[in-house]
Amino acid sequence: MVNGLLILALIAFVVVYWRWPDIQNQLWQKKYREYRLNEQQKSLLLRYMPIYQKMTDADRAKLERHIVWFLNEKRFIGCDGLKLNDAMKLIVAADACVLVLNKPWPLYKNVREILLYPSAYYAPQTSRDNAGLVSYHNTVRQGESWPGGTLVLSWHDVLEGNRLPSDGHNLVFHEFAHQLDQETGKTTGTPLLKKAADYKEWARVFSRAFNQLKTHVAYSMPHVIHSYGATNEAEFFAVITETFLEKPSELRHYDPEIYTMLVNYYQFDPIKWH
């Protein structure tokens with residue numbers, strides 16, 4: 001009798017373990033079924049988030065559902081004296097959820113908390129010279145994305161990213177793109193893709209576009225993607241995500257191949273919103 005109960009318990013555990021993502025999603029769907037953004041929140045997004053203004057009604061509804069989930073599942077912490085309010089959380093959540101508009105919950109499964117500073121902040125940095133000498137100093141940062149699940153943002157720069165919606169700079173897009181990249185366990189500029197066969201095509205297009213940007217920057221040639229993207233592959237992915245969302249028409253004209261690749265990855269075409 002006892003052995004039979006243990007076997008049944010083990011079977012139940014295995015079933016729950018393997019089906020946990022589906023079970024968890026069903027629980028979330030039930031939990032947030034009645035949750036909606038109120039009119040004040042929608043008015044705030046219309047005022048401060050240009051992409052939200054231009055979205056189709058269907059995409060706006062999907063974004064709002066994601067925002068509700070994000071606000072309830074992620075922790076926000078004010079730093080350096082910043083007093084957080086609901087509007088700050090709403091704007092960060094909305095920008096972050098644009099990138100995962102057509103992806104299922106959980107969104108940004110590795111992100112546990114978002115730290116908000118009033119403006120740019122100092123962060124300790126360690127460097128090593130050619131002789132092997134290690135030095136410690138502070139650098140000014142606008143944001144950081146840590147693989148351990150913490151994301152850091154300057155509130156001033158969050159607002160600037162939304163105030164200038166077509167300049168190719170958006171701090172939230174940039175740092176959350178790093179989080180998508182880090183879901184593979186590494187920071188390489190290659191996020192998780194649907195099929196194993198997709199990685200070969202991604203590597204070909206991505207490497208070609210990255211090397212092209214480095215050449216254009218080195219020789220002062222025209223380029224749509226910000227020159228910071230030439231720093232390394234990880235920064236290239238984050239920067240080109242900003243470009244994709246804020247300068248879609250220019251990016252498609254400049255490099256239609258990588259634009260199509262990003263449309264396939266993000267599962268939406270931002271030109272339809274512009």
Side-chain angles (χ1 to χ4, degrees), residues 37 41-55 59-60 63-64 66-67 70-71 74 76-80 82 84-101 107-108 111 113-121 123 139-146 150-182 191 223-231 234-251 259 262 266 268-271 273-274:
L37 294 185
Q41 290 173 311
K42 293 179 183 180
S43 296
L44 193 71
L45 292 179
L46 286 171
R47 181 177 179 184
Y48 289 104
M49 190 182 175
I51 282 183
Y52 179 80
Q53 299 170 12
K54 299 170 184 176
M55 279 182 167
D59 285 339
R60 197 178 292 125
L63 181 66
E64 290 169 6
H66 278 354
I67 293 169
F70 192 99
L71 289 174
K74 308 298 182 184
F76 287 80
I77 300 171
C79 301
D80 203 17
L82 180 66
L84 282 178
N85 59 43
D86 291 341
M88 294 176 179
K89 298 176 186 179
L90 177 68
I91 291 171
V92 171
D95 280 344
C97 289
V98 170
L99 273 65
V100 288
L101 180 67
L107 310 172
Y108 302 108
V111 176
E113 59 190 12
I114 296 97
L115 309 185
L116 271 178
Y117 282 81
S119 57
Y121 56 93
T139 59
V140 178
R141 302 278 177 85
Q142 296 176 347
E144 297 172 83
S145 176
W146 302 347
T150 299
L151 200 137
V152 190
L153 301 169
S154 152
W155 173 241
H156 169 79
D157 292 286
V158 170
L159 286 178
E160 283 297 288
N162 285 320
R163 188 177 70 85
L164 303 170
S166 302
D167 66 344
H169 296 288
N170 185 294
L171 180 64
V172 179
F173 293 162
H174 185 102
E175 299 302 339
F176 276 91
H178 279 315
Q179 281 294 327
L180 293 175
D181 184 7
Q182 290 162 357
H223 49 87
V224 173
I225 306 163
H226 192 273
S227 57
Y228 186 63
T231 305
E235 295 301 342
F236 181 72
F237 176 64
V239 169
I240 204 170
T241 294
E242 295 177 86
T243 311
F244 174 69
L245 285 160
E246 295 213 334
K247 295 183 173 181
S249 297
E250 294 95 319
L251 180 61
Y259 186 84
L262 291 170
Y266 282 112
F268 60 79
D269 187 348
I271 285 179
W273 303 334
H274 286 254

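As a basis for the values below, the full set of heavy atoms in this structure was taken, side chains included, without hydrogen atoms, waters or symmetry mates.
- Within the 3.5 Å criterion, the main-chain N or O of Leu107 finds a donor-acceptor partner in the side chain of Lys74.
- Note: Leu71 CG to Lys89 NZ = 8.0 Å, rounded to the nearest 0.5 Å.
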Do Phe268 and Asp59 pass the side chain to side chain contact (heavy atoms under 4.5 Å, CB included) test, and can you show the C-alpha distance, the side-chain angles, and the key distance before you say yes or no?
CA-CA 9 Å; Phe268 60 79; Asp59 285 339; 5.7 Å; no

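- The shortest distance between side-chain heavy atoms of Leu262 and Leu251 falls below 4.5 Å.
- Note that CG of Leu116 is 12.0 Å distant from CG of Asp80, once rounded to the nearest 0.5 Å.
- Note that the SG atom of Cys79 and the CH2 atom of Trp155 stand 14.0 Å from one another [nearest 0.5 Å].
- With rounding to the nearest 0.5 Å, the separation of CH2 in Trp146 from CG in Leu151 is 9.5 Å.
- The minimum heavy-atom distance between Leu101 and His66, with the atom names listed, is O-NE2, 3.1 Å.
- Side-chain contact between Thr231 and Val239 is absent, with no heavy atoms from C-beta onward closer than 4.5 Å.
- Note on ring orientation: taking the six-membered ring where Trp is involved, the planes of Tyr266 and Phe244 are parallel (angle under 30°, cut-offs 30° and 60°).
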Can you list, pair by pair, the side-chain donor-acceptor contacts under 3.5 Å of residues 47-54, counting residues two or more places apart and other chains?
{"from": "Tyr52", "atom 1": "OH", "to": "Glu64", "atom 2": "OE2", "distance (Å)": "2.5"}
{"from": "Gln53", "atom 1": "NE2", "to": "Leu46", "atom 2": "O", "distance (Å)": "2.4"}

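- Tyr121 pairs with exactly one of Arg141, Glu144, Gln142 by the side chain to side chain donor-acceptor pair (under 3.5 Å) rule, that one being Glu144.
- Annotation for Pro191 and Phe237: closest pair CG-CZ, 3.9 Å, computed over non-hydrogen atoms.
- Nearest approach of Glu235 to His174, heavy atoms of both residues: OE1-NE2, 2.9 Å.
- Considering only heavy atoms from C-beta on, Phe236 comes within 4.5 Å of Ile225 through its side chain.
- The closest side-chain heavy-atom distance from Val100 to Phe70 is not below 4.5 Å.
- Under 3.5 Å, the side chains of Gln179 and Ser145 contain a donor-acceptor pair of N or O atoms.
- Here CG of Leu245 is found 11.0 Å from CD1 of Ile240. Values are rounded to the nearest 0.5 Å.
- Heavy atoms from other residues, nucleotides or ligands lying under 6.0 Å from CG of Asp86 number 12 at most.
- Nearest approach of Pro248 to Pro270, heavy atoms of both residues: CB-CG, 3.8 Å.
- In this structure, CD in Glu242 is found 8.0 Å from CG in Leu171, a value given to the nearest 0.5 Å.
- In this view, Glu250 satisfies the salt bridge (Lys or Arg N to Asp or Glu O under 4.0 Å) rule with no residue, not counting sequence neighbours.
- The shortest side-chain heavy-atom distance between Leu37 and Leu45 falls under the 4.5 Å cut-off.
- The shortest heavy-atom contact between His226 and Thr243 is N-OG1, 4.5 Å.
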For a side chain to side chain contact (heavy atoms under 4.5 Å, CB included) check, start with the C-alpha distance between Leu99 and Tyr108, then their side-chain angles and the critical distance, and finish with the verdict.
CA-CA 10 Å; Leu99 273 65; Tyr108 302 108; 3.3 Å; yes

Before you tell me yes or no, could you show the steps for Met88 and Leu82 under side chain to side chain contact (heavy atoms under 4.5 Å, CB included), namely the whole-Å CA-CA distance, both residues' side-chain angles and the distance that decides it to 0.1 Å?
CA-CA 11 Å; Met88 294 176 179; Leu82 180 66; 3.9 Å; yes

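- Scanning for ring-ring contact (aromatic ring centres under 6.0 Å, His included) contacts around His223 gives an empty result, with sequence neighbours left out.
- Considering all non-hydrogen atoms of both residues, Thr241 and Phe173 come closest at CG2-O, 4.3 Å.
- Although no hydrogens or angles enter the test, the distance criterion places a donor-acceptor pair under 3.5 Å between the side chain of Glu246 and the main chain of His169.
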